Student: 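Structure in structure tokens, see below.
Order of the sequence lines fixes the chain letters, A, B, ..., with proteins taken first and strands second; residue numbering starts at 1 for each chain. The figures that follow rest on heavy atoms only: side chains count, while hydrogens, waters and symmetry mates do not. As the structure is a computational prediction, the values presented were derived from the model and not from experiment.
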Amino acid sequence: MERMVHYGGFHTMVTDSKDYDFQEIERRWQSFWERNRTFAAGKDPSRPKFYVLDMFPYPSGSGLHIGHPEGYTATDIIARHRRARGFDVLHPIGWDAFGLPAEQHAVKTGTHPAANTQNNIANFRRQIKALGFSYDWDREIDTTDPRYFRWTQWIFLQLFRRGLAYVDERPVWWCPELRTVLANEEVIDGKSDVGGFPVERRNLRQWVLRITAYADRLLSGLEGLDWPDSTKRMQAAWIGRSEGAEITFGLEKPGPGGLRVFTTRPDTLFGCTYMVLAPEHGLVEALTTPEMRVAVGDYRRRAASKSDLERTDLAKDKTGVFTGSFAVNPVNGARLPIWVADYVLMGYGTGAIMAVPAHDERDFEFAARYSLPVVPVIEPADHSSNGQAPKLPYTGDGNLVHSDGYTGLDWREGGRRITTDLAAKGSARHSVNFKLRDWLFSRQRYWGEPIPIVWVSEGDYRRAAPRLAGALPEEPVSFEQDGVVRFALPLCESALPLELPPVQSYLPSGTGESALANVPGWVDIWFDFTTGMAVPATEPPPAGDTWIRARRETNTMPQWAGSCWYYLRFTDPRNSRQFASPEALARWGGPDLYVGGAEHAVLHLLYARFWHKVLFDIGAVPTDEPFRRLFHQGIILGEDGEKMAKSGGNAVSPDAIIESHGTDSLRLFLMFLGPLEAMKPWNPRGIEGPHRFLQKVWRDCIGDDGGANPKIAGGAQDSAELQKLLHETIRKVGDDIEALRFNTAISQMMIFENALHKEARVSRATALAFIQLLAPFAPHICEELWSRLGAPGLASEAPWPRFDPARISAAEVRLVFQVNGKHRGDRLVPAGLTQEQAVALATADPRVAAFAGNRTIVKVVYVPGRILNLVVS
RNA sequence: GCCCGGGUGGCGGAACGGUAGACGCUUCGGACUUAAAAUCCGAUUUCCGCAAGGAAGUGCCGGUUCGAAUCCGGCCCCGGGCACCA
């Protein structure tokens, strides 16, 4: 029942079914490709390289839904097309496997999250393999594998060494009822996701990465990237660069010195009528007069208990309280009351502002509420104001008024002059601020990469420092707790990976630390700072002066960490001495194409760019941007047009469709649904179209005996029309794949198949060329047809058909006749027709004559081969 | 509020400023069949017409052009992002 096919020394069975038995065909070819490592990258270094990457998935317990294979199919088509065009293609897959759901499952069941994670990975792997993607499975990686996260920890140590990692008290969500810290995604509307208990902000010691040090480069680097404009704009807005001045105001009250503010509008300085400090500002205490102490204290307490949500979304009305103190405007000596208000944020600029209510919406609103003066100092330069004062607040362009020597200047020039003049007196400087904040990098979780740091006393730190010179930051990282200052010491590289110890319970400790804090033998240790070796502190200290008392860091890394650099690991996934060899990095670089959801437009893509730039700075990678070309696939909605959700009952699993129609049909349908980037509803009946298309292709290629259809003959001469159509199809399919326009490529192939179907005889070469075009989309059936038509080797390895422009140039073209721009007929005409000949043919046409016959032609527009438009009076 | 993206048949969607609705789904009719399924052939924007054909038509209003779904201006609606960042 099976025939043997010879191929490169291997043998494979091909099914002998006369019908299109997609289940058998898909199973067989998947196993053939796997056994022969058909898609292993790096087999031929003489070929140009192409690296195409999917955003790797989090292996959730619910398995793959139909949205996953959308992007994966797109990259697979690209990968297969590039191989056919002679590229050495790297197309890998792996698992972003640390994550909250696995930990929550572990908390509930008491089983190790790794066990659950491995089950989920096995299920994802099975589902993905059933889709026939041409991944290089030898390069599969898993971020929870110690052989992988060893290098995640290593990169963290590079950041630490360069002073890009530090600790700080930062607020986290704390749920008193659950006695645990919650992640942002576990907090919904101020309540815990589990149980619905109220949560509050609590300050805890956190690791923070100094991404702001790269703000300028992260912004400027966007320029050269081939990314969706919307994504670049979102990143730019997130980084939020703004230029202005930092101005120091004098204070009436002696002692605290000056009050520094940041403004983008130094030109409005004469319009400043009051000052505002954020409630957390360091000078509030010193500037509050005794009479105002109670009111200010109350206000600060209330502000502190508000969540971010309450301070922004819910607080439409601005509130504040006067401190009792005054500042002095450096430009005119005006006396300015200093207020405290939570519409000023401590985290931006200096945490204090000069308020110019005439030219700022927020200050205007506040001034109106508290009856503070409003002084306009900018007037529109053009005639639009017409002598009338503009409506306040006026935030547009204009010229300065009521500004002493600066009056009459354009606002830009005025701002520049004021800044320079004040700078000369030492009370201002040009300044740039970013919205981007440093990256809160620690999580009070068990299921994450342990941070490879121990905490030691100052004395021990000083003793260890000389021996660890290159591994320490210039400024030691330290924090104070209960009056004791502790210093951060890194594990040495040879001690990596630092693995997760077994624990009794995966619940956080109850004090806000992770479950790791409950493992005394792991946390409290004697530590050899030269080797990273450790023994529990309950045991006697080993001999030698390199052994010191230490407490391990109990925070773990966030899920973003592993995905910040995985694209680099794919180039050299089994390397145990480096995260990737320089040779592998030189060969593959970063992905030439990166495809994934737009939901990662900011965070993942920004964090990865940050790490990449740091690695570039230490000479570890050859480029300073990781992803040159980026594409977002759109979301596939449920049948009902709603977002697919497990709970909504509208989620579609690929398994059932593969069972009923085959993965080739599914792949085609996913790509046929609409533009890759568009949001599209799933239509369960629509799969029939692509499925019928494949059935037709099968029947036109395979005859009743299961061999080649007799209509396909080696020596057959194709009709000129079929040849023309074939070459149009070769060109369109190739162009469309390059541009990721798969839906129109499939349409074109359907058009070709419809033509093929009508032909009585077709040359074998044409049939094979068509199969080759279809192969990236529907690889299993094409591999089978390729083999049954007796073509050599594999469809997956055959070169892409050559486009011959000569074949599509026709002697006759269809010329459309228009009268006054309206379609009034058409006919086949010789290709090189002159305008005079065209007009003669057109006026002879009865329909054209009916509209133009007895009227004067005032103009002729002739586009050869397309239209002839007669403009008549 | 601000910044993007998008509105085309019953549905998903095609259309370098040049025949609007390719391709597919759905539906209807026909062929094959004892019958059904599958398959094959044909029709499927609306209105008028027996037909040939004509008219209207790409969210709404206006403009540019020989010619606009496409370009420009003003609105309406839907989706996404940001949101006191001084």
Student: Classify A:Ile751 by what it touches in the nucleic acid, base, sugar-phosphate, or nothing, heavy-atom distance under 4.0 Å.
Tutor: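 Sugar-phosphate only.
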Student: Can you tell which of B:rC41, B:rA14, B:rC66 lies closest to the side chain of A:His757?
Tutor: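 Minimum distance to the A:His757 side chain belongs to B:rC41.
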Student: Counting just side-chain N and O atoms, does A:Arg692 come under 4.0 Å of either OP1 or OP2 of B:rU26?
Tutor: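 Answer is yes, contact under 4.0 Å.
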Student: Indicate, with a heavy-atom threshold strictly under 4.0 Å, whether A:Asn743 touches base, sugar-phosphate, or nothing.
Tutor: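 Touches sugar-phosphate only.
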Student: Starting from the 5' end of RNA chain B, give me the residue, A:Asn869 or A:Gly674, whose nearest nucleotide shows up first.
Tutor: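 Going by which nucleotide is closer to the 5' end, it is A:Gly674.
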Student: Just the rounded figure in Å: distance from C1' of B:rG80 to CG of A:Leu637.
Tutor: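 One finds 12 Å between C1' of B:rG80 and CG of A:Leu637, rounded.
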Student: Taking only Watson-Crick and G-U wobble pairs with both distances under 3.5 Å, what dot-bracket line describes RNA chain B, where [ ] shows pairs that cross earlier ones and | shows pairs with another strand?
Tutor: (((((((..(((.....[....))).(((((.......))))).((((....))))..(((((..]....))))))))))))....
Student: Just checking, is any N or O donor in the side chain of A:Glu246 or A:His430 under 3.5 Å from an acceptor N or O on the other one?
Tutor: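 On atom types as modelled, these side chains do not qualify, holding no pair under 3.5 Å.
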Student: Does B:rG24 have its OP1 or OP2 closer than 4.0 Å to a side-chain nitrogen or oxygen of A:Ser747?
Tutor: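 No, because none of the side-chain N or O atoms of A:Ser747 sits under 4.0 Å from OP1 or OP2 of B:rG24.
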Student: For B:rG9, does the O4'-C1'-N9-C4 (purine) or O4'-C1'-N1-C2 (pyrimidine) torsion place it in syn, i.e. within 90° of 0, or in anti?
Tutor: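 That one's syn.
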Student: Which of the following nucleotides, B:rU39, B:rG18, B:rG12, is nearest to the side chain of A:Arg699?
Tutor: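 The listed nucleotide nearest to A:Arg699's side chain is B:rU39.
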Student: Rounded to whole Å, how long is the line connecting atom CZ of A:Phe817 with atom P of B:rC66?
Tutor: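 So the CZ-P distance, A:Phe817 to B:rC66, works out to 22 Å.
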Student: Between B:rA14, B:rG54, B:rU19, which nucleotide has the shortest distance from any of its atoms to the side chain of A:Phe851?
Tutor: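 Within the option list, the nearest is B:rG54.
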Student: So A:Ile867, base contact, sugar-phosphate only, or nothing? Heavy-atom distance under 4.0 Å.
Tutor: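 Contact class for A:Ile867: base.
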Student: Are A:Lys680 and B:rG12 close enough that a side-chain N or O sits under 4.0 Å from OP1 or OP2?
Tutor: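 So the side chain of A:Lys680 is outside the cut-off, no N or O lying under 4.0 Å from OP1 or OP2 of B:rG12.
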Student: May I have the distance from A:Met234 (atom CE) to B:rG5 (atom P), rounded to whole angstrom?
Tutor: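 About 13 Å, once rounded to whole Å.
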Student: Does B:rC23 have its OP1 or OP2 closer than 4.0 Å to a side-chain nitrogen or oxygen of A:Asn754?
Tutor: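 Checking A:Asn754 against B:rC23: no side-chain N or O falls below 4.0 Å of OP1 or OP2.
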Student: Looking at the side chain of A:Pro675, which of B:rA14, B:rA86, B:rG12 is the nearest nucleotide?
Tutor: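 Out of B:rA14, B:rA86, B:rG12, the nucleotide with an atom closest to A:Pro675's side chain is B:rA14.
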Student: Going by an N to O cut-off under 4.0 Å, is there a salt bridge joining A:Glu70 and A:Lys680?
Tutor: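 Salt bridge: yes.
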Student: Closest to the A:Ile353 side chain: B:rA56, B:rC23, B:rA86?
Tutor: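 Given the options B:rA56, B:rC23, B:rA86, the side chain of A:Ile353 is closest to B:rA86.
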Student: Rounded to the Å, how far apart are A:Tyr343 OH and B:rA83 C1'?
Tutor: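 From A:Tyr343 OH to B:rA83 C1': 17 Å.
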Student: Checking contacts here: which listed nucleotide (B:rA86, B:rA14, B:rG18) is nearest the side-chain heavy atoms of A:Asp360?
Tutor: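 For the A:Asp360 side chain, the nearest candidate turns out to be B:rA86.
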Student: Starting from the C-alpha separation in whole Å, work towards a yes-or-no answer on ring-ring contact (aromatic ring centres under 6.0 Å, His included) for A:Trp339 and A:Phe366.
Tutor: CA-CA 11 Å; A:Trp339 288 64; A:Phe366 190 82; 5.6 Å; yes
Student: Starting from P on B:rC23, measure out to NE2 on A:His691 and report it in whole angstrom.
Tutor: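 Nearest whole value for this atom pair: 21 Å.
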Student: Quick check: does any side chain N or O of A:Thr212 sit under 3.5 Å from a backbone N or O of A:Ala215, one acting as donor and the other as acceptor?
Tutor: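 Looks like no, no N/O pair under 3.5 Å.
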Student: In plain terms, say whether A:Lys18 and A:Asp704 are close enough for a salt bridge, that is, a side-chain N and a carboxylate O under 4.0 Å apart.
Tutor: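 Between A:Asp704 and A:Lys18 there is no salt bridge, as every charged N stays at least 4.0 Å from the carboxylate O atoms.
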Student: Please report the distance, rounded to the nearest Å, between NE2 in A:His632 and P in B:rG80.
Tutor: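 These atoms are roughly 16 Å apart.
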Student: May I ask you to establish whether A:Arg824 and A:Phe851 are in a cation-pi arrangement, using a distance under 6.0 Å from NZ or CZ to the six-membered ring centre and at most 45° from the ring axis?
Tutor: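 Yes, A:Arg824 sits over the ring of A:Phe851.
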Student: Checking all strands, does A:Arg685 fall into the base, sugar-phosphate, or nothing category for heavy-atom contacts under 4.0 angstrom?
Tutor: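 Sugar-phosphate, backbone atoms only, no base.
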Student: Just to be sure I understand the rule, does A:Phe364 reach a base, reach only the sugar-phosphate, or reach nothing, if contact means heavy atoms closer than 4.0 Å?
Tutor: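 The residue A:Phe364 makes no contact with any strand.
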Student: In whole Å, I'd like the distance from the NZ atom of A:Lys696 to the C1' atom of B:rA38.
Tutor: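 Spelled out: NZ on A:Lys696 to C1' on B:rA38 is 14 Å.
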Student: A:Leu603 CG to B:rG81 P: how many Å, rounded?
Tutor: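 After rounding, the gap between these two atoms is 12 Å.
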Student: Does the Lys NZ or Arg CZ of A:Lys318 fall within the cation-pi geometry relative to A:Tyr343 - under 6.0 Å from the ring centre and within 45° of the axis?
Tutor: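 Output yes; distance and angle both within limits.
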Student: Under 4.0 Å between a side-chain N or O of A:Arg847 and OP1 or OP2 of B:rG54?
Tutor: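 For A:Arg847, the contact criterion (side-chain N or O under 4.0 Å from OP1 or OP2 of B:rG54) is met.
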Student: Check the phosphate of B:rG54 against A:Arg824, side-chain N and O only, distance under 4.0 Å to OP1 or OP2. Yes or no?
Tutor: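 For A:Arg824, the contact criterion (side-chain N or O under 4.0 Å from OP1 or OP2 of B:rG54) is met.
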Student: Kindly point out which of B:rC25, B:rA56, B:rG67 is positioned nearest to the side chain of A:Asn683?
Tutor: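 That would be B:rC25.
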Student: Is any N or O donor-acceptor pair between the side chain of A:Glu361 and the base of B:rG1 shorter than 3.5 Å?
Tutor: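 Under the 3.5 Å cut-off, the side chain and the base do not form any donor-acceptor pair.
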Student: Does A:Glu753 pair with A:Lys696 as a salt bridge, N-O distance under 4.0 Å?
Tutor: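 No salt bridge links A:Glu753 with A:Lys696.
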Student: Whether A:Lys724 and A:Glu728 form a salt bridge (side-chain N of Lys/Arg under 4.0 Å from carboxylate O of Asp/Glu) is what I want to check.
Tutor: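 A salt bridge is present here (some side-chain N lies under 4.0 Å from a carboxylate O).
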Student: Please classify the nucleic acid contact of A:Arg814 as base, sugar-phosphate, or nothing, using heavy-atom distances under 4.0 Å.
Tutor: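 Since a base atom lies under 4.0 Å of A:Arg814, the category is base.
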Student: Name the nucleic acid region contacted by A:Met354, choosing base, sugar-phosphate or nothing; use a 4.0 angstrom heavy-atom cut-off, strictly under.
Tutor: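 Since no nucleic acid heavy atom lies under 4.0 Å of A:Met354, the category is nothing.
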Student: Does A:Arg761 come within less than 4.0 Å of A:Glu759, counting only side-chain N to carboxylate O?
Tutor: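 Salt bridge: no.
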